[in-house]
Amino acid sequence: MKSPQYITDIDRIAELNQESRELLYPVTDKFTFRTNSYYNSLINWNDPDDPIRKIVIPSADELSEYGQLDASQDKQNQVAEGIEHKYPDSALLLVNRVCGGYCRYCFRKRIFMRGNDEVSTDMTDAINYIRQHPEINNVILSGGDPLIMSTEKIEKIIAPLREIDHVNTIRIGTKMVAYNPYRILHDEKFHAMVQKYSTREKRIYIMSHFTHPNEISDVAISGVNLLYELGARVLNQTPILKGINDRVEVLNQLFNKLASIGVQPYTILICRPEEGNISFSLPIERAIEIFTQAKANCSGLARTAKLIMVPPLGKIEILGLKDDDILFRIHRPTDFASEGKIISFKRNPDAVWWSDFAETQNGTINYQEL
């Protein structure tokens, strides 16, 4: 198949009637819309609850008053144009503001809005910052989706990073393996670049974003296989989302299919309370139940994912429930001092985010350290 065609106008979705499109005009005016012909082919258009449809086709629910544009306060970690330094040994590069498709549950909607200044097309200052900070040993390329860019532009970022001795791993956060695997299959320059810079000593990791097992098509599997042949490694991260993958059998199938094709389930994320995300939001206690039961019928290779929430203080692993308490581990804090600490809160079955637990007057969270 030739490379798919991108679609940025809701009027070009022939499977939607005119009345449906008109209802979505205000949504696409506020939040960017983009899909492509390949990804649309995965949708069962006769099913209004089709999970792939919900991932990429807008909904009027996105205009509901809910959340904020930076629930994790990521922008406060920006240290130079296009770079966030949230964790001591990791740097995140925001290399563009375009994706192969726009997930309706995106937690970086603000980046695709007019006036946002977090992204840079010139990584000179960002790479200089990394060069001057030897504690940074891994770098994540994100945005936007780096693989929507030309290989030449990606290589202009990866090549100088590979010249920095203290940078060991480079991660590319991308949904293109699911959205448009032909981007990987058809670009010989990309093949050469991965082979050159993903070495035995310093690998490139592709952080894929399969959210539902229906995305793992034969073409996507071919893309994954090629990435491994080129020397990259592939891990998967996705949020758990109401109406998409919040059933035990669906998440179980996702874990097992990923393991079968050699992709390690890495992280299941609690959906951030961003603007437009109300229809995807799931109570944390329900997410724990689904996650735990989904892993129960998996082999050890398929049950490697952690359930994670990312509030402003860093990555919090959700361990489980007791009679009256919910247990967390501070998995990746913004400072090493609290790394690994296990904490508990009183249970709140309606809580969907960190801030739904008891707050003190100065905005910090009351918890008990175990």
Side-chain angles (χ1 to χ4, degrees), residues 1-71 96-116 119 142-149 173-183 209-212 214-215 217 219-220 238-239 241-246 271-281:
M1 177 181 173
K2 64 181 181 179
S3 296
Q5 297 296 306
Y6 284 102
I7 302 166
T8 59
D9 184 348
I10 199 72
D11 282 325
R12 289 186 57 203
I13 305 298
E15 293 83 0
L16 297 177
N17 61 37
Q18 186 59 33
E19 182 181 1
S20 297
R21 293 178 207 149
E22 289 178 0
L23 288 173
L24 297 179
Y25 292 155
V27 183
T28 57
D29 284 343
K30 182 174 183 180
F31 299 122
T32 307
F33 165 70
R34 184 182 174 99
T35 184
N36 65 68
S37 54
Y38 161 78
Y39 198 70
N40 285 5
S41 73
L42 303 179
I43 297 173
N44 176 5
W45 291 98
N46 295 320
D47 179 6
D49 292 322
D50 179 83
I52 309 303
R53 175 176 179 155
K54 287 186 174 183
I55 289 172
V56 78
I57 300 298
S59 161
D61 289 343
E62 294 178 41
L63 298 179
S64 300
E65 290 188 15
Y66 175 81
Q68 54 188 299
L69 280 177
D70 190 3
N96 73 352
R97 60 179 81 248
V98 182
C99 286
Y102 291 111
C103 303
R104 307 318 303 175
Y105 52 82
C106 179
F107 66 87
R108 288 201 188 121
K109 292 184 176 78
R110 67 190 188 278
I111 283 179
F112 310 114
M113 293 179 168
R114 294 183 185 90
N116 182 274
V119 175
S142 188
D145 195 316
L147 293 193
I148 198 70
M149 299 163 62
T174 181
K175 196 174 170 70
M176 292 295 275
V177 194
Y179 265 142
N180 178 13
Y182 294 100
R183 162 68 181 94
H209 190 62
F210 290 109
T211 300
H212 190 279
N214 289 358
E215 293 176 313
S217 67
V219 183
T238 182
L241 302 161
K242 183 178 178 181
I244 294 178
N245 58 10
D246 63 330
C271 182
R272 299 189 196 187
E274 301 281 330
E275 281 192 34
N277 282 5
I278 191 168
S279 62
F280 303 111
S281 182

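In this chain, numbering begins with 1 at the start of the sequence shown.
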Minimum heavy-atom distance G143-I111, with the two atoms named:
O-CD1, 3.8 Å

According to side-chain hydrogen bond (donor to acceptor under 3.5 Å, both in side chains), who are the partners of S142, at least two apart in sequence or on a separate chain?
R108

Using modelled atom types only, decide if a donor and an acceptor are shared between the side chain of N277 and the backbone of Y105 within a distance under 3.5 Å.
yes

Report the residues that fulfil ring pair (Phe, Tyr, Trp, His ring centres under 6.0 Å) with F112, sequence neighbours left out, ordered by chain and then residue number.
Y102

Determine the sole option in R104, K109, K30 for which the side-chain hydrogen bond (donor to acceptor under 3.5 Å, both in side chains) test with E62 is passed.
R104

Between CG on residue D11 and OG1 on residue T8, distance to nearest 0.5 Å:
10.5 Å

Rounded to the nearest 0.5 Å, how far does CG of N36 lie from CD1 of I7?
7.0 Å

Does the side chain of Y6 come under 3.5 Å of the side chain of N180 through a donor N or O and an acceptor N or O?
yes

Answer yes if the side chains of T35 and N40 hold a donor-acceptor pair under 3.5 Å, and no otherwise.
yes

Is the shortest side-chain heavy-atom distance between F210 and T238 below 4.5 Å?
no

Identify the two heavy atoms, one from P26 and one from L63, that lie closest to each other, and give their separation to 0.1 Å.
CB-CD1, 3.8 Å

Are side-chain heavy atoms of V56 and Y179 found at a separation under 4.5 Å?
yes

Backbone N/O of T211 and side chain of N245: donor-acceptor pair under 3.5 Å:
yes

Exercise: identify the closest heavy-atom pair between A71 and R272
CB-CB, 4.4 Å

Distance (rounded to the nearest 0.5 Å) between E275 CD and L69 CG:
4.0 Å

Would the number of heavy atoms belonging to other residues, nucleotides or ligands and lying under 6.0 Å from CD of Q18 be above 12?
yes

State, yes or no, whether a side-chain contact exists between S281 and Y66 at a heavy-atom distance under 4.5 Å.
yes

Taking the side chain as everything from C-beta on, heavy atoms only, tell me whether Y39 gets closer than 4.5 Å to P4.
no

To the closest 0.5 Å, what do you measure between CG (N214) and CD1 (I244)?
11.5 Å

Side chain R183, main chain M149, donor-acceptor under 3.5 Å:
yes

Look only at the side chain of S37 and the backbone of Q5, and say whether a donor-acceptor pair between them is shorter than 3.5 Å.
yes

Closest non-hydrogen contact found for E215 with Y38 is O-OH, 4.4 Å

Write down the atom of W45, the atom of L16, and the distance for their closest heavy-atom approach.
CZ3-CD2, 4.3 Å

So which atom in G100 and which in D145 form the shortest heavy-atom distance, rounded to 0.1 Å?
N-CB, 4.4 Å

Side-chain contact, heavy-atom cut-off 4.5 Å: F33 with I13?
yes

Measure the spacing between CG of L24 and CD1 of I57 and express it to the nearest 0.5 Å.
8.5 Å

Look only at the side chain of T174 and the backbone of M176, and say whether a donor-acceptor pair between them is shorter than 3.5 Å.
yes

Show me, pair by pair, the donor-acceptor contacts under 3.5 angstrom made by side chains of residues 47-54, not counting sequence neighbours?
residue, atom, partner, partner atom, Å
D47, OD1, D49, N, 2.9
D50, OD1, N44, N, 3.2
D50, OD2, I52, N, 3.0
D50, OD2, R53, N, 2.9

